[in-house]
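Input: a single structure, listed below in structure tokens.
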Amino acid sequence: MGKRITLFLLGLILVASCKDANPDTPKTDDKPVKIVRVITPQFNQDSAYQYIQNQVDFGPRVPNSKGHLACASWLNSKLQSFGAETIIQKGEVTAFNGDKLNIQNIIGQFSPEKTQRILLFAHWDTRPVADKDIKDADKPIDGANDGGSGVGVLLEIARQFSLKEPNYGVDIIFFDAEDYGTFRGRSSSMKDDWCLGSQYWGKNPPIPNYRPKYGILLDMVGEKNAQFPKEYFSTYFAKNLVDKVWNTGRRLGYSNYFISTELGYNQQITDDHRYVNILANIPSIDIISYDPNQNKFGDYHHTHADNMDIIDKNSLKAVGQTVIEVIYQEK
Ligand code: AHN
Ligand code: ZN
């Protein structure tokens, strides 16, 4: 090869590599640079807050009650208004005390034709009693945080899907009858007395061969200064996903919420994700507010203090923006 040609080729390589080294420089005379990164939408915490208020306005969402029925049809129509195809899985389950509960698992499928899918879920029912309260312990609670918050955040994420479609198909499931476990001071021999809706779903799959990549449960994500330790079953079944979500939250500046504490074997939290893991074999995690130092849920938990007063938009934003980032960055 002649010297001139070699030099010319070297020059070409140099020019090409310079371009690569500086991809952000606009080039008017060049083909547009293909930007691969997807821009994640901004999660709106005011909107999520309003969706929690809407649920609380129905009154307690206790199975077999009027508020429960009214809220179910509202949830269905909200999901449809955001472009989801919905499936209402109706069933009857028996609670620890023999009560027959008419339950509804509410499923919203976004881009149902896509084979690559993610599952997001929360429970939408509320506890029939305030059995950790000193007053009116036999009366049902508002469940603004326990029930309302996870659903509120997921409805806002669903609204974002209607504005910009993510690469993955997403299914949102609002499970019923999570919170009908044995009341304090009562005895029962029933095992698996919590999460009756997700257990019903796991044993009666409404979608055949349903295999999303993973599942994320939101439970009690709205209280002020919420802390989300890495919950035991989540790490046990889906360690990589826990790390991905927690790293994402911390990268976005929410390290006060997504704390690095790992809950141990004797701090297991039985929640809907346990049954989604065990019965449906979908690797799933729980983002749940829990005080790892005092080893308990917040003082509001299963009391009448679980009302709108404890909901903080900053917590909703931290969780909502983190989950929406994880979804939109899936390719
Ligand atoms: C128990 O308290 C057994 N499990 C926590 C799951 C839960 C209750 N989430 C909300 N309420
Ligand atoms: Zn509860």
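All ligand and atom numbering here is 1-based and tracks the order in the structure.
Protein heavy atom nearest atom 2 (O) of ligand 1, with residue, atom name and distance: Phe297 CE1, 4.0 Å. Atom 5 (C) of ligand 1 has its closest protein heavy atom at Thr270 O, 3.5 Å. Residue, atom and distance of the protein heavy atom nearest to atom 9 (N) of ligand 1 are Asp219 OD2, 2.7 Å. Of the protein's heavy atoms, Glu178 OE2, 3.0 Å lies nearest to atom 7 (C) of ligand 1. Of the protein's heavy atoms, Asp146 OD1, 2.9 Å lies nearest to atom 10 (C) of ligand 1.
Not a single N or O atom of His123, backbone or side chain, sits closer than 3.5 Å to an N or O atom of ligand 1. When only interatomic distances are considered, the shortest N/O to N/O separation between Trp194 and ligand 1 does not fall below 3.5 Å.
A salt bridge does not link Glu231 to Arg274: none of the charged nitrogens lies less than 4.0 Å from a carboxylate oxygen. Under 4.0 Å is where a charged nitrogen must lie from a carboxylate oxygen, and between Lys132 and Asp306 no such pair does. The pair Lys230-Asp243 meets the salt-bridge criterion, since a charged nitrogen lies less than 4.0 angstrom from a carboxylate oxygen. Salt bridge present: Asp171 and Arg117 bring a charged side-chain N and a carboxylate O closer than 4.0 Å. Glu165 has a carboxylate O that lies under 4.0 Å from a charged side-chain N of Lys114, or vice versa, which qualifies the two as a salt bridge.
Because the distance cut-off is set at 2.8 Å, Asp179 qualifies as a neighbour of the Zn ion (ligand 2) through one of its N, O or S atoms. Coordination check, His301 versus the Zn ion (ligand 2): failed, since every N/O/S atom of the residue sits at 2.8 Å or beyond.
Taking the Zn ion (ligand 2) as reference, Asp146 places its N/O/S atom OD2 nearest.
The aromatic rings of His273 and Phe233 lie perpendicular to each other, with more than 60° between the two planes, well past the 30° mark. Classified by interplanar angle (parallel below 30°, tilted 30° to 60°, perpendicular above 60°), the ring pair Phe161/Phe110 is perpendicular.
There is a side-chain donor-acceptor pair under 3.5 Å between Glu223 and Ser289.
With a 4.0 Å cut-off on non-hydrogen atoms, Arg127 does not touch ligand 1 at all.
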